[in-house]
Amino acid sequence: MEDLKERLLPPKPASGINSRDVLGLKKRGQGLRSWISVDAATGDSQVIEVDKFTMMRRCDLPARDLRLLDPLFVYPSTILGREKAIVVNLEQIRCIITSDEVLLLNSLDNYVLQYVVELKRRLNASGDGDAWQSESSDVDRPKGGRKFEGVFGCRLPDCLPFEFKALEAALEAACTFLETQAAELEIEAYPLLDELTSKISTSDLERVRRLKSRLVALTRRVQKVRDEIEQLMDDDGDMAEMYLTEKKRRMEALLYGEDQSLAGERTTDRIQSVSAPISPVSSPPNARKFYRNLSLARSRHESTSSSESATENIDELEMLLEAYFIVTDNTLNKLTTLKEYIDDTEDFINIQLDNVRNQLIQFELLLTTATFVVTIFGVVAGIFGMNFNISLFYYSSAFKWVLLMTGVFGVILFSSFLWFFKYKRLMPL
């Protein structure tokens with residue numbers, strides 16, 4: 001991985017360069033960006049520096065599509081199929097896929113470097129498979145002369161075109177990144193939530209709050225990737241636009257057919273000029289016009305038939321997207337389960353807090369009732385403490401009887417309150 005970083009990253013500038021020169025270079029080369037180019041034929045990667053307008057002309061893309069890949073802006077995950085390229089913005093992977101190469105924004109992120117390594121490995125593996133097939137095709141051919149074809153009409157299991165291999169590697173990198181973050185959240189969340197149910201503390205509640213914020217953000221990102229894949233699967237036209245190799249092959253065949261028709265036209269004109277050199281009746285412009293109209297009609301027919309066949313033959317891409325749709329849906333289900341577990345834990349904590357609050361209210365009610373009963377003794381003491389003379393003061397046992405009668409009255413009154421609380425179901429007694 002370190003060797004790959006050294007080869008992919010641009011060399012560091014010399015330390016003796018003047019700062020003014022550096023500022024001037026930055027100002028003049030303000031639009032230059034570093035890209036990693038992976039060739040489809042050889043699988044070799046190189047670092048190139050091009051500006052935005054050169055990239056727009058190179059890939060035939062509008063400026064708004066390149067803004068999706070700008071690391072200075074935060075855009076949701078997007079997969080766009082264009083005429084000559086596929087624009088992919090999936091988490092850390094931001095690239096442009098054409099039929100000849102993959103242009104990836106140069107980054108120090110490990111997932112970007114792993115994407116380059118994985119794509120080169122797949123291209124090299126498919127190249128070895130093609131070489132093996134070309135060497136053994138004459139030996140292993142059946143007697144009937146027909147070659148073995150797989151389920152999708154390919155002679156090798158890895159029969160996807162280059163753009164689908166690059167798209168699959170990008171989807172795999174994005175799904176792996178999201179799955180890793182979801183697994184880290186699960187590892188951190190479940191023990192914390194179990195601890196929180198047994199002992200409620202302020203620090204644990206703060207950790208759960210931060211964890212829930214991360215969970216919500218990750219769920220949105222996974223949901224966006226899942227919705228983008230589902231939207232592609234629902235639109236056959238967008239999937240047909242992504243067959244870049246097939247469109248390039250048909251375009252080359254169409255151009256070759258036009259060249260052949262022009263060559264035949266020149267041959268016909270030459271024969272006419274030799275056979276009737278002096279005849280004023282012959283009209284080569286009419287013949288050219290006829291052949292041109294015939295060529296345009298044939299090109300329209302071939303383009304229509306190619307678009308119809310591409311729309312019908314989208315099983316490979318649909319199965320590829322369906323596989324990663326299942327992966328993202330599984331990740332989303334894990335995050336949804338974790339969110340439900342957090343919600344259940346919050347409900348359990350709220351129930352516990354409500355129970356404690358109810359117990360405090362019941363204790364406060366009992367304490368208030370007992371205080372009211374004890375206040376009766378203060379009322380009796382205040383009455384007997386007034387400055388007047390009665391015969392009760394001359395009896396020695398009068399104090400005991402007053403104290404006993406007041407206590408009995410207080411107990412009866414407190415018991416009456418308890419019975420009333422039980423009758424009204426204000427507290428379990």
Side-chain angles (χ1 to χ4, degrees), residues 74-77 90-92 109-111 171-231 324-375 413-429:
V74 179
Y75 288 99
S77 298
L90 293 174
E91 294 300 322
Q92 309 297 327
D109 193 88
N110 289 328
Y111 286 94
L171 287 171
E172 183 177 351
C175 292
T176 304
F177 177 71
L178 295 174
E179 182 70 24
T180 302
Q181 288 197 341
E184 291 176 357
L185 274 179
E186 287 181 339
I187 294 175
E188 183 180 356
Y190 285 113
L192 177 60
L193 294 173
D194 293 338
E195 180 183 355
L196 193 61
T197 54
S198 59
K199 181 182 178 182
I200 301 174
S201 62
T202 307
S203 60
D204 290 343
L205 289 175
E206 179 64 22
R207 290 174 58 189
V208 170
R209 186 189 65 82
R210 295 177 181 177
L211 188 142
K212 190 174 182 180
S213 300
R214 291 167 51 193
L215 175 63
V216 171
L218 182 60
T219 304
R220 289 177 181 173
R221 289 158 50 194
V222 175
Q223 182 70 43
K224 181 58 183 175
V225 174
R226 178 183 175 276
D227 293 342
E228 190 67 25
I229 297 175
E230 186 178 10
Q231 183 179 357
Y324 289 98
F325 174 80
I326 295 174
V327 174
T328 53
D329 189 65
N330 185 25
T331 305
L332 184 61
N333 289 334
K334 289 182 179 179
L335 295 176
T336 305
T337 304
L338 180 58
K339 186 177 183 303
E340 291 177 354
Y341 193 80
I342 293 177
D343 293 339
D344 293 341
T345 305
E346 290 180 350
D347 294 339
F348 180 74
I349 292 174
N350 291 329
I351 291 173
Q352 281 187 335
L353 294 177
D354 291 339
N355 187 24
V356 173
R357 190 181 300 112
N358 292 333
Q359 291 179 358
L360 291 176
I361 292 173
Q362 292 173 5
F363 178 75
E364 184 181 2
L365 184 60
L366 288 175
L367 187 61
T368 305
T369 305
T371 304
F372 175 74
V373 171
V374 173
T375 307
L413 184 61
F414 187 73
S415 301
S416 301
F417 274 113
L418 293 181
W419 176 83
F420 177 77
F421 294 154
K422 182 178 180 180
Y423 177 75
K424 292 294 183 178
R425 296 181 182 179
L426 296 178
M427 62 176 60
L429 294 174

Check your understanding: What pairs with Arg425 under side chain to side chain donor-acceptor pair (under 3.5 Å), at least two apart in sequence or on another chain?
Key -> none
Check your understanding: What distance separates Lys339 NZ from Thr337 OG1, expressed to the nearest 0.5 Å?
Key -> 11.5 Å
Revision key, fill the gap. One should read off an interatomic distance between Gln223 CD and Thr328 OG1, to the nearest 0.5 angstrom, of 9.0 Å
**Study point:** Ser415: side-chain contact (heavy atoms from CB on, under 4.5 Å) partners, not counting sequence neighbours
**Key:** Val411
Exercise for review: Only counting residues at least two apart or in another chain, list the ones meeting side-chain contact (heavy atoms from CB on, under 4.5 Å) with Glu179.
Suggested key: Thr331, Lys334
Check your understanding: For Glu228, which residues count as a side chain to side chain donor-acceptor pair (under 3.5 Å) partner, sequence neighbours excluded?
Key -> none
Exercise for review: For Phe177, enumerate each residue passing the ring-ring contact (aromatic ring centres under 6.0 Å, His included) test, keeping only those at least two apart in sequence or located in another chain.
Suggested key: Tyr111
Check your understanding: Just by modelled atom types, is the Asp329 backbone N or O under 3.5 Å from a matching donor or acceptor in the Asn333 side chain?
Key -> yes
Check your understanding: Has Phe420 got more than 12 heavy atoms of other residues, nucleotides or ligands less than 6.0 Å from its CZ?
Key -> no
Study note, to complete from the structure: By side chain to side chain donor-acceptor pair (under 3.5 Å), Asn330 pairs with (sequence neighbours left out) none
Practice item. Using the test salt bridge (Lys or Arg N to Asp or Glu O under 4.0 Å), find all partners of Glu364 that sit at least two apart in sequence or belong to another chain. Key: none
Review point. Between Asp227 and Gln231, does any side-chain donor sit less than 3.5 Å from a side-chain acceptor?
Key: no
Check your understanding: Hey, what do you get for CG (Asp204) to OG1 (Thr345), rounding to the nearest 0.5 Å?
Key -> 12.0 Å
Check your understanding: Partners of Asp354 by side chain to side chain donor-acceptor pair (under 3.5 Å), sequence neighbours excluded?
Key -> Arg357
Counting only pairs under 3.5 Å, give me each side-chain donor-acceptor contact of residues 192-199, with atom names and distances, residues two or more places apart or in other chains.
from, atom 1, to, atom 2, distance (Å)
Asp194, OD1, Tyr341, OH, 2.6
Thr197, OG1, Asp194, O, 2.6
Ser198, OG, Glu195, O, 2.9

Practice item. Let me see the working for Val327 and Leu171 under side-chain contact (heavy atoms from CB on, under 4.5 Å), right down to the final yes or no. Key: CA-CA 10 Å; Val327 174; Leu171 287 171; over 6 Å; no
**Study point:** Atom pair CD/CG of Glu188 and Leu215 - distance to nearest 0.5 Å
**Key:** 11.0 Å
Check your understanding: Are there more than 12 heavy atoms of other residues, nucleotides or ligands under 6.0 Å from atom CZ of Phe372?
Key -> no
Practice item. Report yes if the side chains of Arg221 and Ser77 come closer than 4.5 Å at any heavy-atom pair, otherwise no. Key: no
**Study point:** Distance, nearest 0.5 Å, that separates OG1 of Thr371 from CG of Leu366
**Key:** 10.5 Å
Point to revise | Gap separating the CD1 atom of Ile342 from the CG atom of Leu211, nearest 0.5 angstrom | key: 5.0 Å
Point to revise | With sequence neighbours excluded, residues passing ring-ring contact (aromatic ring centres under 6.0 Å, His included) with Phe348 | key: none
Review point. How would you list, by chain and number, every residue that makes a side-chain contact (heavy atoms from CB on, under 4.5 Å) with Ser416, sequence neighbours excluded?
Key: Ile412
Review point. Can you name the residues that form a side-chain contact (heavy atoms from CB on, under 4.5 Å) with Gln362, not counting sequence neighbours?
Key: Met427, Pro428
Practice item. Assess whether side-chain contact (heavy atoms from CB on, under 4.5 Å) is satisfied between Leu185 and Gln181, documenting all intermediate values. Key: CA-CA 6 Å; Leu185 274 179; Gln181 288 197 341; 5.9 Å; no
